[in-house]
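As the structure lists them, so they are numbered: ligands from 1, and atoms in each ligand from 1. All values below come from the heavy atoms of this structure, side chains included, with hydrogens, waters and symmetry mates left out.
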Amino acid sequence: MTEQVSTYIPEQVSEVEALAKSAFDQVKTPEDLQSFRIEFLGKKGMITYLLKGLGQLPPEARREAGIRINLLRQEVEDLITLKESSLGREAEARRLEAEVIDVTLPGKGTPLGSRHPVNLVILEIKKIFVSLGFEVWEGPEIETDYYNFEALNIGRDHPARDTQDSFYITPDILLRTHTSPVQIRCMEIKAPEVPLRMVAVGKTYRRDNDATHSPMFHQVEGLVVDRGTSLAELKGTLLAFARRMFGSETRIRLRPSHFPFTEPSAEVDVSCPICGGGGCGVCKQSGWLEILGAGMVHPNVLRAGGYDPEAVNGFAFGMGVERIAMQRYAIDNMRLLFENDLRFLGQFR
Ligand code: DAH
């Protein structure tokens, strides 16, 4: 090496220049360019090597050789700069091509859920009663024997308990069998205020399970306590509700019945919304559908709620939401409501 430097001749510059040109022609990638830069301009690169040798030339040759080597270095640096930007542009173009987005492709979309038919009916029932001046109340699903039975005039040995077998947590705590206990809870808070108008909606539980019964179902409870309310007011309220719920032509009828917490008591039927009362499969040719139980609140129940049955009276009603949903949407098996099959549930909006 030292030998070569000391015997430096301008031909070496031409040689390096030729080498640089042919090496540059091979540069295709940023990595190639980096190797090229090191090969010629790096610490041990050929041009650096030539520059280092300058000092050993006789002064008269040094100037001219210096100019030539620096020109060559400038030339190589320019080539590198040019190549850098062209490689950059190519890379950018490739990236853009790879990332191209076809804005005409269909979007992925987020499937929209739909409300459960039971919830649709609950919302509608609430809306109707709120418009009639009722407040919406809630009560616990885990109830005590007292609220679920005793306070509703259903004593320990009352036969009505047999029809409402439930799931007991202790002998005194159970999953409520109806929403009627909310009547007592509401009266306890409101008494002696009148008028009291409330509806309570929620889950209820019984030891039942077949095509028309589910161990968990929903009820709507209604209670009015006032001075001098009447069976006529009860009937008018339920007729207004039925017409809003099932159509303006709907009629209702009250049949005598018995509930321990009302006296007198009635089963309430609506004219069949499918056939209008003429008789069809849904109403089993009778023209009527039973939708709720109702009556004038029993004095013992008013007393349990903290009201004086000598001063006020009341009416109450209770209905099963699934029943109404099934009639509304012509659903023939209650289990469909709780199987969570989206093909079924997606039909309700
Ligand atoms: N709680 C009754 C049941 O589950 C339904 C009922 C009937 C509620 C008459 C009432 C009523 O408020 O007055 O079978």
Quick note on ligand 1: atoms under 4.0 Å from a heavy atom of Ser180 include exactly 1 (N), 8 (C)
Protein residue, atom and distance nearest to atom 12 (O) of ligand 1, heavy-atom basis: Glu221 OE2, 2.6 Å
For Phe259, is there any backbone N or O sitting under 3.5 Å from a side-chain donor or acceptor partner on His298? no
Enumerate the atoms of ligand 1 whose separation from the nearest heavy atom of Gln219 is less than 4.0 angstrom. 3 (C), 4 (O)
I'd like to check whether His178 has a polar contact with ligand 1, where a contact means an N/O of the residue lying under 3.5 Å from an N/O of the ligand. yes
If we ignore hydrogens and angles and just use 3.5 Å, is the side chain of Glu135 paired with the main-chain N or O of Arg197 as donor and acceptor? no
Is there a donor-acceptor pair closer than 3.5 Å between any side-chain N or O of Arg206 and the backbone N or O of Thr177? yes
Checking Gln56 side chain against Gly53 main chain: does a donor-acceptor pair fall under 3.5 Å? no
Quick one: which ligand 1 atoms are inside 4.0 Å of a heavy atom on Thr262? 13 (O)
Report, in ascending order of atom number, the atoms of ligand 1 lying under 4.0 Å from any heavy atom of Ala316. 12 (O), 13 (O)
What protein heavy atom sits nearest atom 3 (C) of ligand 1, and how far off is it? Arg206 NH2, 3.6 Å
Atoms of ligand 1 under 4.0 Å from any heavy atom of Gly295, numbered from 1 in the order shown, are 13 (O)
Run Asp78 and Gln74 through side-chain hydrogen bond (donor to acceptor under 3.5 Å, both in side chains) and show every step you take. CA-CA 6 Å; Asp78 289 350; Gln74 192 58 52; 3.2 Å; yes
Ligand 1 to Phe259, heavy atom cutoff 4.0 Å, flagged ligand atoms 7 (C), 9 (C)
What is the closest protein heavy atom to atom 6 (C) of ligand 1, and at what distance does it sit? Phe261 CE1, 3.8 Å
Mind checking what makes side-chain contact (heavy atoms from CB on, under 4.5 Å) contact with Thr212, not counting sequence neighbours? Asp210
Which ligand 1 atoms are under 4.0 Å away from a heavy-atom of Ala294? 9 (C), 11 (C), 13 (O)
So, does Gln183 sit close enough to ligand 1 that a heavy atom of it is under 4.0 Å from the ligand? yes
So, the side chain of Thr237 versus the backbone of Glu233: is there a donor-acceptor pair under 3.5 Å, distance only? yes
For Tyr147, is the NZ or CZ atom of Arg176 found under 6.0 angstrom from the centre of its six-membered ring and inside 45 degrees of the ring axis? no
